[in-house]
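Working notes, structure below.
Since the structure is predicted, the reported quantities are computational estimates derived from the model, not experimental observations.
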Amino acid sequence: MEADVIVVGAGLAGLVAAHELTSRGRRVALVDQENAANLGGQAFWSFGGLFLVDSPEQRRLGIKDSFDLAWSDWQGSAAFDRLADEDSWAVRWARAYVEWAAGEKRSWLTGHGIELLPTVGWAERGGLRADGHGNSVPRFHIAWGTGTGVVEPFADHARQAARDGLLTFHHRHRVDELVIEGGAARGVRGKVLADDDSPRGVASNREEVADFELTAQAVIVTSGGIGADHDIVRRYWPERLGTPPAEMVTGVPAYVDGRMLDISAEAGVRLVNRDRMWHYTEGLQNWSPIWPGHGIRILPGPSSLWFDALGRRLPDPCLPGYDTLSTLKYLRTTEDIAGYDHSWFILTRKIVEKEFALSGSEQNPDITAKDKHAVLRDRLLGKGAPGPVADFLRHGADFVVADTLEALVEKMNGLTDKPLLDADTIRRQIEARDLQIANPYSKDAQVQGIRNARRYIGDRLGRVATPHRVLDPAAGPLIGVKLHILTRKTLGGIQTDLDSRALGLDGTPIDGLYAAGEVAGFGGGGVHGYNALEGTFLGGCLFSGRAAGRAAAAQTG
């Protein structure tokens, strides 16, 4: 045999699994269709958000969190409703993950050299019910180095294991078949692709130059999701989210193609919850794209006013940073706007300077470079928008700026095929909202949310602008942002037990076959259920990759 274990996919879950295996002396063949520059996969490009419960960072900021509160939030968000079947393992994975996030996860990260920013973000604030979707408290911990910093220790370990003779990289090897013999996984077959020295993230060629086959005692599939293939996204788009957009921007590199899901199914692996997916509603066209259709997500604070394509404020809980899928559902199921693929933010200079952040390692060079002085200088003490945000303001196709609302709306209408917005209608709504700012209390849910956020010191210092009237000239100029649907995550996939063993169609484990990361719904075939609490995608890769590596090491010992 060429190895003890074959790992299919050199993203974060695959690297973590390989780390667990080689640390125990197992020989690993790491197979990936991309070149060496792409080691770490999609996780490399992420913001580096990690979900932790009752962490030292939270406690220092006065945040009172607990396993019970986090588990209540997770259950309210996931809304598991297939417990007898497709969610049977997912719910067990979910509880195990929250226990890990409230326990060993923090020390495990530190043990691998992963440090966290001292601030904690409040992502997915929820659907405005205690028993519904959302984080009751801030839990979004950002790794120093962003996603690059999370990937780095595991990529370094893989390279060292290769030097030690325990790991062999098989770059530009595309797996087309899982080899199952006598009911057990024994290897993979596929095509060797032509050499391609494209930089990280850039789409590579698919020229086939040879066949290959590798054999091993076990195979771990860690090949990621479907986000780059819009046809697959539309194929599994659920009816509950209305009609899929005709046009979307892409939040992942082209190699996130979902191929291994169908290949696994052809080998007799059980796929579940394929109708569950996670796409963002605050996507931008990247003015400096790396991969085809490259989109960037705004990580918004709570103050921007959100309007549909016809110029009406979105209802709660469709508020910036609150409830991603409720907003997506509203935009795609409301009859008179479902035919449009965009919505709008209207905000002020003060809001963009304090509240706008962009997702992605390349959009946060100060954190990615672990430059603590730059973070302090640019994000807390500096004036003006952060550099990457300022670049989008200058160059982004989706941004318009004006001194008056009438001029702004005229420019916004210039970004669509025909003028859909009426300045008087928008003015009436903004003026009504602005009247709510005069008092420290309000009937407007968004204004209530702003006040609530500013009671948390982390938001008040670095994330939420001082409440002000949007139409106050002193807060201007005004900014309009055209928002697109941004494809991102697969929430379903290969069903696995708590050892990351892939299950067959009869619900029993296939001997020697494991799955981890996004291809397995981050554990169990859908650990998030219908909704994610954010900071849980990287963590799901870490947790499930660790489980798969340890279980495969035990099998091959």
Original post:
Would a distance-only check, ignoring hydrogens and angles, find a side-chain to backbone donor-acceptor pair under 3.5 Å from N135 to V137?
Top reply: no
**OP:** For the pair R186 (side chain) and Q217 (backbone), establish whether a donor and an acceptor sit closer than 3.5 Å, ignoring hydrogens and angles.
**Re:** yes
Original post:
So, S77 side chain and N531 main chain: donor-acceptor pair closer than 3.5 Å or not?
Top reply: no
Subject >> Derivation and outcome, salt bridge (Lys or Arg N to Asp or Glu O under 4.0 Å), residues E34 and R206 >> reply: CA-CA 10 Å; E34 299 305 315; R206 289 294 178 264; 2.7 Å; yes
Original post:
Taking 4.0 angstrom as the limit, do R546 and E20 come out as a salt bridge?
Top reply: no
Original post:
Is R92 close enough and on-axis enough to W89, meaning under 6.0 Å and within 45°, for cation-pi?
Top reply: yes
Subject >> Check: T222 side chain, V8 main-chain N or O, donor-acceptor pair, under 3.5 Å >> reply: yes
Original post:
If you look at every heavy atom in V192 and D211, which pair is closest and at what distance?
Top reply: CG2-O, 4.2 Å
Original post:
Are R59 and D54 within salt-bridge range, i.e. N to O under 4.0 Å?
Top reply: yes
**OP:** Using a strict cut-off of less than 4.0 Å between a Lys/Arg side-chain nitrogen and an Asp/Glu carboxylate oxygen, indicate whether D85 and R270 qualify as a salt bridge.
**Re:** yes
Original post:
Thinking salt bridges, do R174 and D257 make one under a 4.0 Å N-O criterion?
Top reply: no
Original post:
Between D275 (side chain) and P238 (backbone), is there a donor-acceptor pair under 3.5 Å?
Top reply: no
Original post:
Would R259 and D176 pass as an ion pair if we require N to O under 4.0 Å?
Top reply: yes
Subject >> Any donor-acceptor pair under 3.5 Å from D511 side chain to A184 backbone >> reply: no
**OP:** Inspect the contact between R200 and E362 and indicate whether a charged nitrogen and a carboxylate oxygen are less than 4.0 angstrom apart.
**Re:** no
Subject >> Main-chain N/O of N273 paired with E86 side-chain donor or acceptor, under 3.5 Å >> reply: yes
Original post:
Taking the six-membered ring where the residue is Trp, are the ring centres of F51 and W74 under 6.0 Å apart?
Top reply: yes
Original post:
Hey, is the main chain of V202 close enough, under 3.5 Å, to the side chain of W291 for a donor-acceptor pair?
Top reply: no
**OP:** Rounded to the nearest 0.5 Å, what's the gap from OG1 on T281 to CZ on R297? Could you check?
**Re:** 7.0 Å
Original post:
Taking it one step at a time, do R172 and S204 satisfy side-chain hydrogen bond (donor to acceptor under 3.5 Å, both in side chains)?
Top reply: CA-CA 10 Å; R172 302 295 292 159; S204 61; 3.0 Å; yes
Original post:
Between F522 and W93, does the ring centre distance come in under 6.0 Å?
Top reply: no
Subject >> Test item: T496 side-chain N/O and G524 main-chain N/O as donor-acceptor pair under 3.5 Å >> reply: yes
Original post:
Do you know which two heavy atoms are closest between A123 and E534, and how far apart they sit?
Top reply: CB-CB, 3.7 Å
Original post:
Using the ring of each side chain (for Trp, its six-membered ring), is H170 parallel, tilted or perpendicular to H173, with breaks at 30° and 60°?
Top reply: perpendicular
Original post:
For the side chain to side chain contact (heavy atoms under 4.5 Å, CB included) test, which of R189, M260, Q33 pairs with V175?
Top reply: M260
Subject >> Sidechain-backbone polar pair: N364 side chain, S359 backbone, donor-acceptor under 3.5 Å >> reply: no
Original post:
Would R274 count as a cation-pi partner of Y236, with NZ or CZ less than 6.0 Å from the six-membered ring centre and within 45° of the ring normal?
Top reply: yes
